[in-house]
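Residue numbering restarts at 1 for every chain, and letters A, B, ... go by the order of the sequence lines.
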Amino acid sequence: MPELPEVETTRRGLLPHVAGRRIEHVRLRRADLRWPIPRQVEDLLPGQRIDAIRRRAKYLLLDTAAGSALLHLGMSGSLRVLPSDTPLRAHDHVDLALEDGRVLRFNDPRRFGCLLWQAPGTLHPLLAGLGPEPLEDGFDGDYLFARSRGRSAPVKAFLMDQAVVVGVGNIYATEALFRAGISPLRAAGKVSRERYAALAREVKAILAHAIARGGTTLRDFLSPDGAPGYFEQELLAYGRGGQPCPRCGRALKQASIGQRTTAWCAHCQR
DNA sequence: CTCTTAACCTGGACGC
DNA sequence: TGCGTCCAGGTTAAGA
């Protein structure tokens with residue numbers, strides 16, 4: 001269930017259990033994820049101390065002196081810290097065994113996720129060309145306005161383009177456009193500066209709020225079944241096609257935009 | 001460049 | 001109960 005707030009919640013949940021710990025060994029059960037897990041993960045990671053856990057876009061980086069493990073959770077991935085004798089479940093592909101008798105376990109049923117390697121002082125190609133972080137200052141309405149001029153793709157596809165801004169997936173793009181009153185079908189280049197200012201504000205607000213809500217589940221991070229479903233009841237448009245618009249009561253439309261299901265109000269969103 | 005489409009993979013929900 | 005179909009929170013790669 002990973003969009004940016006879920007990845008950030010994972011990072012914050014792992015931090016106290018993993019940062020500063022040494023990795024004793026690496027156990028790969030399946031290496032054929034989105035891309036093959038490279039040799040460096042097995043060859044270089046054992047013995048290394050995890051100095052920090054960073055997030056860039058929806059990627060997590062476990063930093064060590066030898067290099068960084070670069071993780072993406074894809075559509076269905078999750079990371080948990082567990083006692084090393086915890087029974088395996090289906091799709092438990094990787095364990096990083098820590099010195100304290102626990103394991104950082106990577107589970108991913110669909111295997112759209114990845115575990116790659118970034119050498120010290122280098123930037124992995126997947127991280128090059130990413131847009132700004134939505135919660136940082138470089139992301140605002142003026143930025144979106146400037147980037148969007150001349151672009152004919154629907155504003156929803158533009159907003160979900162990781163080269164434009166990272167971390168905004170299908171749920172939060174749908175929600176932010178609803179809250180900003182912008183039709184997801186409108187050409188990105190035809191949205192005004194003022195409306196992009198509103199959109200940037202909504203993106204920041206909804207992501208920050210979702211991260212804050214995710215935080216309430218952090219203390220359960222060690223339990224084997226702590227998937228946070230925190231945000232579902234607060235969604236106004238996502239998954240509500242055909243239901244009444246929370247603002248005007250007319251039925252929400254639902255259609256596929258850029259291959260992703262989108263719900264919106266044709267009356268409130270222009 | 002920009003835009004659109006197909007593809008990767010498994011599991012759950014639903015209809016018959 | 002079993003089986004076919006559709007759908008899912010992401011992203012890259014290929015083609016127009």
How long is the line joining [atom1] of [X] and [atom2] of [N], in whole Å?
X: A:Ile206; N: C:dG9; atom1: CD1; atom2: P; result: 15 Å
X: A:Gln162; N: C:dT11; atom1: CD; atom2: P; result: 4 Å
X: A:Leu4; N: C:dG10; atom1: CG; atom2: C1'; result: 13 Å
X: A:His124; N: C:dT11; atom1: NE2; atom2: P; result: 14 Å
X: A:Leu116; N: C:dT11; atom1: CG; atom2: C1'; result: 12 Å
X: A:Leu126; N: C:dG10; atom1: CG; atom2: P; result: 16 Å
X: A:Lys190; N: B:dC3; atom1: NZ; atom2: P; result: 13 Å
X: A:Ile171; N: C:dC7; atom1: CD1; atom2: P; result: 17 Å

### Query
Using 4.0 Å as the upper bound for N to carboxylate O, is an ion pair formed by A:Arg151 and A:Asp161?
yes
### Query
Does a salt bridge link A:Asp92 with A:Arg29, judged by any charged N lying under 4.0 Å from a carboxylate O?
no
Mind checking [X] for me? I need base, sugar-phosphate or nothing, with any heavy atom below 4.0 Å counting as a touch.
X: A:Tyr59; answer: sugar-phosphate
X: A:Arg151; answer: sugar-phosphate
X: A:Leu73; answer: nothing

### Task
Counting Watson-Crick and G-U wobble pairs only, both distances under 3.5 Å, name the nucleotide matched with B:dG15, or none.
C:dC3
### Query
Does any nucleotide pair with B:dC9 by Watson-Crick or G-U wobble geometry, both distances under 3.5 Å, and what is it?
none
#### Entry: A:Arg195 side chain to A:Gly181 backbone, donor-acceptor under 3.5 Å
yes
### Query
Got a donor-acceptor contact below 3.5 angstrom from the A:Lys204 side chain to the A:Phe139 backbone?
yes
### Message
For A:Ala176 versus A:Val203, what's the shortest heavy-atom pair and its separation?
### Response
CB-CG2, 3.7 Å
### Task
Could you tell me which non-hydrogen atom of A:Cys265 sits nearest to which non-hydrogen atom of A:Phe178, and how far apart they are?
CB-CE1, 4.2 Å
Could you tell me whether the phosphate oxygens of [N], OP1 or OP2, come under 4.0 Å of any side-chain nitrogen or oxygen in [X]?
X: A:Thr261; N: C:dC7; result: no
X: A:His72; N: C:dG10; result: no
X: A:Tyr172; N: C:dG9; result: no

Using the [atom1] atom as the reference point in each nucleotide, state the distance between [N] and [M] in Å, no decimals.
N: B:dC3; M: C:dG9; atom1: C1'; answer: 23 Å
N: B:dG11; M: C:dT12; atom1: P; answer: 24 Å
N: B:dG12; M: C:dT11; atom1: P; answer: 23 Å

### Task
Establish whether A:Trp264 and A:Ile171 are linked, either directly or via other cluster members, by ILVMFWY side-chain heavy-atom contacts under 4.5 Å.
no
#### Entry: Footprint string (nucleotides 4-13 of chain B, 5' to 3'): B base within contact, S backbone only, - free, heavy atoms under 4.0 Å
SBB-BBBS--
### Query
Pick from A:Arg56, A:Lys58, A:Arg54: which one makes a salt bridge (Lys or Arg N to Asp or Glu O under 4.0 Å) with A:Glu133?
A:Arg56
